[in-house]
Amino acid sequence: MSMNGGGVEQPGGRMTLADLVRQETVARMSEAEKLAAAREMRLYFQRPEQPGFLVSETEAGPLVPLFTSVEGLALFAGACAWASTTVGDIVELLPDGVRALVDPLGERPFLLNVEALREVETTEGRNLRDDGGSGR
């Protein structure tokens with residue numbers, strides 16, 4: 001047996017204990033809680049010469065490739081200047097109409113739902129104003 005992410009890796013590629021705990025925790029979260037937690041995730045990207053994002057023009061429109069690890073970025077772009085920030089910052093900084101593709105060469109690439117994350121931010125801001133800033 002080997003340790004993997006704090007859990008015990010089972011023969012035959014079964015889920016580790018850490019994976020099971022993480023899955024159960026996420027399953028009990030509301031959609032709003034999941035989106036709020038996602039905003040804290042750190043993502044990595046190729047750093048352009050000027051502040052901002054390197055935007056790729058695709059047939060489906062402008063796209064920014066983002067990565068959950070520096071290693072994933074290196075597989076995609078090779079040795080390059082890079083930067084990282086949270087999903088929350090990306091949501092605020094990404095221009096309208098530009099989509100974000102996370103881990104394009106990974107096992108499970110996905111489009112970041114920037115609109116849903118912006119909606120959570122707007123809702124949270126309203127909640128803070130409604131309760132005098134206490135967050136309750």
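Residues take their numbers from the sequence shown, with the count starting at 1.
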Report task. Return the minimal non-hydrogen interatomic distance between L105 and L75, and the atom names on each side. Result -> CD1-O, 3.9 Å
Query raised in the report: Does some side-chain heavy atom of F53 sit less than 4.5 Å from a side-chain heavy atom of L93?
Result: yes
**Report entry** Qualifying residue for ring-ring contact (aromatic ring centres under 6.0 Å, His included) with F76, from W82, F67, Y44
**Finding:** F67
Report task. Can you establish whether the number of heavy atoms outside E57 located under 6.0 Å from its atom CD is more than 12? Result -> yes
Query - Side-chain touch L73/Q46, heavy atoms, less than 4.5 angstrom - result: yes
**Report entry** Side chain proximity check, F45 to T85, heavy atoms < 4.5 angstrom
**Finding:** yes
Report task. Of all the heavy-atom pairs spanning P109 and D103, show the shortest one and how long it is. Result -> CB-O, 3.1 Å
Query raised in the report: Is there side-chain contact between L66 and V87, with heavy atoms separated by less than 4.5 Å?
Result: no
Requested in this report: For L111 and L63, run side-chain contact (heavy atoms from CB on, under 4.5 Å): C-alpha distance rounded to whole Å, both residues' side-chain angles, the deciding distance at 0.1 Å, then the answer.
Outcome: CA-CA 10 Å; L111 282 171; L63 182 87; 4.0 Å; yes
Query - Atom of A60, atom of R99 and distance for their closest heavy-atom approach - result: CB-NH2, 3.3 Å
Requested in this report: Could you check I90, V102, T68 and say which one makes a side chain to side chain contact (heavy atoms under 4.5 Å, CB included) with M41?
Outcome: T68
Query raised in the report: Taking all atoms of both residues into account, what is the closest heavy-atom pair of R28 and E33, and its distance?
Result: O-OE1, 4.3 Å
Query raised in the report: What are the two closest non-hydrogen atoms of P65 and P104, and how far apart are they?
Result: CB-CG, 4.1 Å
